[in-house]
**Student:** 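Take this structure first; my questions come after.
What you see is a predicted model, and the numbers here were worked out from it, not measured in a lab.
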Amino acid sequence: MCNITSLLPAEMLERIFLWLSPRDMKTVELVCRRWLQVGETPGLWSWLSSLTVNNIEMLTCRRFKGVSKLRVKRKLTMTNELLESIVRHPALKILNIAGTDLSAIDPDILARVVNSVETVDVTGTSLTAVQANAIFTAISEDNKLKNMKIRNNNLSALKTGMLARAVHCLEYAEILSSTRLTAEQLSEIFTAICEGTKIRKIQIANGCCNLNLVSPDLLAKAVNKLDDVELVEVSLRSQQVTAILTGILTQSNLKRLIIISFAEVAEDILSKAQTKCNIGIYEW
């Protein structure tokens with residue numbers, strides 16, 4: 001069979017293989033070396049948009065070159081070599097390395113990885129202060145990254161102004177639980193939003209920081225510059241929530257607002273604001 005099919009051009013075999021199911025494709029690759037070589041063509045695996053990686057060999061496999069979404073298994077030992085392979089992946093846009101231990105990774109390599117994709121999740125990755133500064137420096141210098149989840153990492157040691165510069169480049173930031181942002185860092189973020197940024201959506205939640213030291217006027221102005229905001233368990237004061245709702249009644253871009261807080265709000269202001277925006281305010 002292999003002798004007969006060897007007469008067919010590779011392009012013809014590819015057209016035939018395109019009619020096969022994923023299961024049959026795996027069988028076809030076992031027939032002979034040439035079928036394996038043709039079967040590894042990335043175009044034949046275009047249906048595979050996402051991939052969960054449990055070893056570095058998977059990243060070097062030719063069939064996966066068209067994969068745009070990659071998740072690294074949480075228990076996989078992260079190495080500089082593995083991250084370099086991720087940087088070289090030609091089609092990658094979404095990267096999830098949440099739950100892996102990145103503390104031993106070279107900061108410059110890690111920064112290149114984060115800024116080689118459009119969306120990244122580095123939740124709970126034990127980032128060091130040096131790594132965090134390298135990542136946010138790269139974000140502020142390169143506009144490729146649009147969306148970032150960075151929960152359960154301590155960001156309190158980031159250099160002054162670093163978060164604000166990064167916010168200018170992102171479209172969405174999820175800062176949830178244990179990022180330990182200081183009042184100064186929070187004010188920098190909200191000031192950057194007020195001055196005009198790409199960011200349209202932000203989540204700050206689960207005790208990651210204390211917002212009650214942020215000026216009500218600054219917080220209200222920043223929140224109403226955005227489209228979608230979630231503030232959950234971040235110690236808001238009633239004055240701050242009232243300022244946000246008053247801003248919705250005057251001039252606001254806000255389409256959705258979720259607040260979970262002990263702060264009390266006047267019912268009449270809340271009712272009026274709910275006619276302008278999708279608002280959910282809950283006690284915890």
Side-chain angles (χ1 to χ4, degrees), residues 49-62 64-182 185 189 203-204 206 208-209:
S49 61
S50 64
L51 178 68
T52 298
V53 173
N54 51 32
N55 60 66
I56 193 170
E57 287 73 23
M58 293 182 69
L59 281 176
T60 59
C61 187
R62 185 165 158 252
F64 298 137
K65 293 299 182 183
V67 168
S68 61
K69 183 177 180 180
L70 186 68
R71 184 175 73 85
V72 177
K73 281 200 170 181
R74 289 177 179 265
K75 299 303 180 181
L76 182 65
T77 301
M78 298 299 287
T79 64
N80 290 328
E81 183 184 10
L82 176 59
L83 291 184
E84 289 280 17
S85 296
I86 291 175
V87 172
R88 291 192 295 269
H89 198 286
L92 195 61
K93 292 183 178 180
I94 301 173
L95 175 63
N96 184 345
I97 49 179
T100 61
D101 187 353
L102 299 177
S103 59
I105 297 298
D106 181 278
D108 291 334
I109 294 175
L110 183 56
R112 288 210 317 275
V113 169
V114 168
N115 285 280
S116 68
V117 295
E118 294 180 2
T119 298
V120 69
D121 188 344
V122 289
T123 295
T125 48
S126 305
L127 294 178
T128 66
V130 175
Q131 289 173 325
N133 276 288
I135 288 172
F136 279 90
T137 298
I139 292 173
S140 64
E141 295 172 352
D142 189 336
N143 291 335
K144 184 169 184 180
L145 187 67
K146 297 178 180 179
N147 310 296
M148 186 178 201
K149 295 182 180 180
I150 192 163
R151 299 169 287 182
N152 296 332
N153 285 289
N154 188 348
L155 303 181
S156 61
L158 280 177
K159 296 176 181 177
T160 303
M162 194 72 72
L163 274 170
R165 288 194 293 273
V167 163
H168 273 287
C169 302
L170 295 173
E171 293 179 5
Y172 169 64
E174 186 174 307
I175 307 168
L176 293 168
S177 61
S178 301
T179 45
R180 303 178 194 174
L181 297 180
T182 65
Q185 289 173 319
I189 292 174
Q203 283 185 322
I204 303 179
N206 296 349
C208 72
C209 53

**Student:** Using a 4.5 Å cut-off on heavy atoms from C-beta on, say whether the side chain of V114 contacts that of L95.
**Tutor:** no
**Student:** Quick one: which of E174, R151, K149 gives a side-chain hydrogen bond (donor to acceptor under 3.5 Å, both in side chains) with T123?
**Tutor:** R151
**Student:** Roughly how far, to the nearest 0.5 Å, is CD of Q185 from NZ of K159?
**Tutor:** 13.5 Å
**Student:** Given side chain to side chain contact (heavy atoms under 4.5 Å, CB included), test L127 with N154 step by step and report yes or no.
**Tutor:** CA-CA 7 Å; L127 294 178; N154 188 348; over 6 Å; no
**Student:** Using a 4.5 Å cut-off on heavy atoms from C-beta on, say whether the side chain of N115 contacts that of E141.
**Tutor:** no
**Student:** Check for a donor-acceptor pair, side chain of Q131 on one end and backbone N or O of T128 on the other, with a separation under 3.5 Å.
**Tutor:** yes
**Student:** Any side-chain heavy-atom pair from I94 and L70 closer than 4.5 angstrom?
**Tutor:** no
**Student:** Might you point out which heavy atoms bring I139 and C169 nearest each other, and give the distance in Å?
**Tutor:** O-SG, 3.3 Å
**Student:** What are the two closest non-hydrogen atoms of R112 and V87, and how far apart are they?
**Tutor:** C-CG2, 4.1 Å
**Student:** Once rounded to the nearest 0.5 Å, what's the spacing between atom CD of E118 and atom CG of L145?
**Tutor:** 9.0 Å
**Student:** Taking the side chain as C-beta and beyond, is there a heavy-atom pair between N133 and M162 under 4.5 Å?
**Tutor:** yes
**Student:** So how far is it from Q203 CD to Y172 OH, rounded to the nearest 0.5 Å?
**Tutor:** 3.5 Å
**Student:** For the side chain of N153 and the backbone of V122, is there at least one donor-acceptor N/O pair under 3.5 Å apart?
**Tutor:** yes
**Student:** Hey, does V120 have a side-chain heavy atom less than 4.5 Å from the side chain of M148?
**Tutor:** yes
**Student:** Which heavy atom of A129 sits nearest a heavy atom of A157, and at what distance?
**Tutor:** CB-CB, 3.8 Å
**Student:** Step by step, work out the side chain to side chain contact (heavy atoms under 4.5 Å, CB included) result for M78 and L83.
**Tutor:** CA-CA 8 Å; M78 298 299 287; L83 291 184; 3.4 Å; yes
**Student:** Does any non-hydrogen side-chain atom of I97 lie less than 4.5 Å from one of L102?
**Tutor:** yes
**Student:** Identify the two heavy atoms, one from N96 and one from A98, that lie closest to each other, and give their separation to 0.1 Å.
**Tutor:** OD1-N, 2.9 Å
**Student:** Assess whether atom NZ of K65 is packed by more than 12 heavy atoms of other residues, nucleotides or ligands within 6.0 Å.
**Tutor:** yes
**Student:** Working to the nearest 0.5 angstrom, can you tell me the gap between L92 CG and K69 NZ?
**Tutor:** 11.5 Å
**Student:** Checking side chain to side chain contact (heavy atoms under 4.5 Å, CB included) for the pair N147/E171: CA distance, chi angles, key distance, verdict?
**Tutor:** CA-CA 6 Å; N147 310 296; E171 293 179 5; 4.2 Å; yes
**Student:** What's the shortest heavy-atom distance between A138 and A111, and which atoms?
**Tutor:** CB-CB, 3.9 Å
**Student:** Would you give the length of the straight line joining atom NE2 of H168 to atom CD1 of I189, rounded to the nearest 0.5 angstrom?
**Tutor:** 11.5 Å
**Student:** To the nearest 0.5 Å, how far apart are CD1 in I109 and CD in E81?
**Tutor:** 10.5 Å
**Student:** Of all heavy-atom pairs between G99 and T125, which one has the smallest distance, and what is that distance?
**Tutor:** N-CG2, 4.0 Å
